[in-house]
Visitor: 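Got a structure for you, written out below as structure tokens; questions coming shortly.
These numbers were taken from a predicted model, which means no experiment stands behind them.
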Amino acid sequence: MAAHDQEPEPIVVRIVYDGPPEAGKTTSVRALGRSFSRTVHTPAETGGRTTFFDWMEYVGGAFEGRQIRCQIVTVPGQPEFAARRKALLDTADAVVFVADTSDEKAVARSARAVRELIGILRKREGLPVGVLVQANKRDLPGAVSREEVRAALGEDVASVALTESVADAGVGIRETFVFAVRLALDRARASTAHGQLARARFNEDSAEQLLAAMEKLPGPGAPGPMVEEPVAAVKPVAAPPAERSVEKTKAAAVEKKPETPRPADAPLPPDVRVPSGAIWPPVEGRMVLHEATTAGLQVTRAGPDEWEAGQSTGWLAHTAARFGQFDEARRELLAWARLHSSHALYLSASRCIVLAESGTGHWRLWQILRLLPSLRDWMLEPHLDASELLTRMAESARVLADAHSRWHDSSLLPTFDTVGRGQRGAQFVGLMPESLQPRGGAQVDDAVSQCLAGLVHGDLSPRRDELTVAIGQLRPAWTWADDMIAAALTMSG
């Protein structure tokens, strides 16, 4: 975990590079070493593959007045060195998972390894460790698209952030590292708030000390002499073919959509550079922010002093709160964090709250969430026949009733627009309201009936006669939800 020395107390964080064999871990760290003019130490290699670790140190920047000291370590990817890998992951403040994305088979292997990594980290005590997936080998002809890589990772690891790189050309390496340091510092700040930040160095505070500890762990192979990779000694990386220059590779690695002009009075959207302490939750929130801003956030007006961004990207960023001073905005951020925490059981995943400078001398409080289908979206999918639509209406009525029953102690208002279908039942998929007020003691049946009536006489009004005929054919297989749907269909418009 993160630690800081006694006087002058630099903050020490460890960034661990994980990933399957030959994905590019060592190549990434050596490219990072060249970028920072730092030496990379490798205790031993077999056939050019790391058997213990690679080690690099970097000192730079400040965290709350203290110097930042980064220890960068790779793990051996071979299965026979699993004990060494786990020991190094147990010390990580942030993990960069280097994924081979050169083809579909490589992506499938990397996805399995990411899930294994998440399982290891979840068993650690204390605050969560941020995971950044560095999709490597983006310059190869068969490289899998970013969207396919994200899909391969799956919903169970959807909270990890994703960057893109060409490690042997140094593309995307420094940017990934900087983001990993931000994740580590977010964790360090949260650890400080919880009184968990150690006031001692890591037990292994140098490459030599770490090697001595690793030699005691199970795993074949004895180390040879320490190999150093000083910048001057590293052979220059061969340039990519002419048709794929480094400039073209960079463009391919991070493809950006053309931006439309921003309204003159619009605030700047939040981005990954927000400082530690200006985002909640501190680790997962920064990963959510990174994913939400990857495609670019186009700000549009949603009200007199209300702005939104990101809808076309599958994310929604919303702000209606402006503050003159950071301290004032930070107090509001903490209040919103408490509000979200108290409703955590009901909320959809992939959310964060961010403070960002507006560009006009103010601070803005933004809610950011991944857009997930609401019950209305699910029922209004095109090309549903009457029977399938009635089935979905009945299921939506049950989910909505579940939300009203389970959320009775909250102030969230369940509707077909704010509720979606989650793995654990009903989940709130909308923006948290600006102020939560008690929603009264309306009966569940009455509330669901009103929502069904609004749907039938609104979006589904063109299909009302068709649905009336179809529901009449359901008897005798009649359910509580069908009764409500029938009542809504016969209700006068």
Visitor: Under 4.0 Å between a side-chain nitrogen and a carboxylate oxygen: does that hold for R182 and D186?
Guide: no
Visitor: Can you tell me if R124 uses its side chain to pair, donor with acceptor, with the backbone of A92 under 3.5 Å?
Guide: yes
Visitor: Is a side-chain donor or acceptor of H318 paired with a backbone partner of E306 at a separation under 3.5 angstrom?
Guide: no
Visitor: Could you tell me if the side chain of L153 sits less than 4.5 Å from the side chain of S110, heavy atoms only?
Guide: no
Visitor: If you measure from CZ on F416 to CE on M379, what distance do you get to the nearest 0.5 Å?
Guide: 4.0 Å
Visitor: Mind listing the closest non-hydrogen atom pair of A184 and I15 along with its distance?
Guide: CB-CD1, 3.8 Å
Visitor: Taking D402 first and then R421, would you say they form a salt bridge - that is, a charged N and a carboxylate O separated by under 4.0 Å?
Guide: no
Visitor: Please assess S449 against D446 for the test side-chain hydrogen bond (donor to acceptor under 3.5 Å, both in side chains), listing each intermediate value before the final yes or no.
Guide: CA-CA 5 Å; S449 294; D446 291 342; 5.5 Å; no
Visitor: How close do P269 and W366 get, heavy atom to heavy atom, and via which atoms?
Guide: CA-CZ2, 4.2 Å
Visitor: Begin from the C-alpha positions of T163 and E175 and carry the test side-chain hydrogen bond (donor to acceptor under 3.5 Å, both in side chains) through to its verdict.
Guide: CA-CA 9 Å; T163 64; E175 295 84 352; over 6 Å; no
Visitor: Taking atom CD of E466 as the centre, does the number of heavy atoms from other residues, nucleotides or ligands within less than 6.0 Å exceed 12?
Guide: yes
Visitor: So, for V419 and A426, which heavy atoms are closest and what is the spacing to 0.1 Å?
Guide: CG1-CB, 4.0 Å
Visitor: Ignoring hydrogens, what is the shortest heavy-atom contact between V288 and S350? Give both atom names and the distance.
Guide: CG2-CA, 3.9 Å
Visitor: Is there side-chain contact between W307 and D265, with heavy atoms separated by less than 4.5 Å?
Guide: yes
Visitor: Rounded to the nearest 0.5 Å, what's the gap from CG on L117 to CZ on R122? Could you check?
Guide: 10.0 Å
Visitor: Nearest 0.5 angstrom please: L316 CG to L371 CG, how far?
Guide: 5.0 Å
Visitor: State, yes or no, whether a side-chain contact exists between V456 and R464 at a heavy-atom distance under 4.5 Å.
Guide: yes
Visitor: Side chain to side chain contact (heavy atoms under 4.5 Å, CB included), that's the test. Do S358 and R322 meet it? Break it down for me.
Guide: CA-CA 9 Å; S358 66; R322 180 176 58 168; 5.7 Å; no
Visitor: Using only atom types and a distance under 3.5 Å, with no angle test, would you say the side chain of K25 pairs donor to acceptor with the backbone of P20?
Guide: yes
Visitor: Is the backbone of L365 close enough, under 3.5 Å, to the side chain of T319 for a donor and an acceptor to pair up by distance?
Guide: yes
Visitor: Any side-chain heavy atom of L132 within less than 4.5 Å of one from M287?
Guide: no
Visitor: Look at D103 together with K105 and state whether they make a salt bridge at an N to O cut-off of under 4.0 Å.
Guide: no
Visitor: So, do I118 and R115 sit near enough that their side-chain heavy atoms are less than 4.5 Å apart?
Guide: no
Visitor: Could you check whether D377 and S374, counting side-chain N and O atoms only, form a donor-acceptor pair closer than 3.5 Å?
Guide: yes
Visitor: Quick check: do I471 and I485 have side-chain heavy atoms less than 4.5 Å from each other?
Guide: yes
Visitor: Begin from the C-alpha positions of E164 and T101 and carry the test side chain to side chain contact (heavy atoms under 4.5 Å, CB included) through to its verdict.
Guide: CA-CA 10 Å; E164 298 178 274; T101 63; over 6 Å; no
Visitor: To check you understand the geometry: which heavy-atom pair defines the closest contact between I368 and A317, and what is its length?
Guide: CG1-CB, 3.9 Å
Visitor: Salt bridge between R392 and E388, side-chain N to carboxylate O under 4.0 Å?
Guide: yes
Visitor: Check the pair K86 / K123 against side chain to side chain contact (heavy atoms under 4.5 Å, CB included), numbers first and verdict last.
Guide: CA-CA 11 Å; K86 184 178 183 304; K123 294 177 182 177; over 6 Å; no
Visitor: Heavy-atom count check: over 12 atoms from other residues, nucleotides or ligands less than 6.0 Å from R273 CZ?
Guide: no
Visitor: Within the 3.5 Å criterion, strictly below it, is a donor on D100 or S102 matched to an acceptor on the partner's side chain?
Guide: yes
Visitor: If we ignore hydrogens and angles and just use 3.5 Å, is the side chain of H404 paired with the main-chain N or O of L400 as donor and acceptor?
Guide: no
Visitor: Any donor and acceptor pair, going by atom type alone, linking the side chain of R398 with main-chain N or O of A481 inside 3.5 Å?
Guide: no
Visitor: Using side-chain heavy atoms (C-beta onward) and a distance below 4.5 Å, is Q427 in contact with L372?
Guide: yes
Visitor: So, R286 side chain and A161 main chain: donor-acceptor pair closer than 3.5 Å or not?
Guide: no
Visitor: With rounding to the nearest 0.5 Å, note down the distance linking CZ in F323 to CD in E332.
Guide: 4.5 Å
Visitor: In sequence, state the C-alpha distance, the side-chain angles, and the governing distance for V171 and R138, and then conclude on side chain to side chain contact (heavy atoms under 4.5 Å, CB included).
Guide: CA-CA 9 Å; V171 176; R138 307 301 292 150; over 6 Å; no
Visitor: Strictly below 4.0 Å, N to O, side chains only: are E291 and R146 in salt-bridge contact?
Guide: yes
Visitor: Minimum heavy-atom separation for R351 and G430, please, with both atom names.
Guide: NH2-O, 2.8 Å
Visitor: Drop me the distance from R376's CZ to D459's CG, to the nearest 0.5 angstrom.
Guide: 5.0 Å
Visitor: Any non-hydrogen side-chain atom of E328 less than 4.5 Å from a side-chain atom of R331?
Guide: yes
Visitor: Just verifying a value: how many Å separate H362 NE2 and L268 CG, rounded to the nearest 0.5 Å?
Guide: 13.0 Å
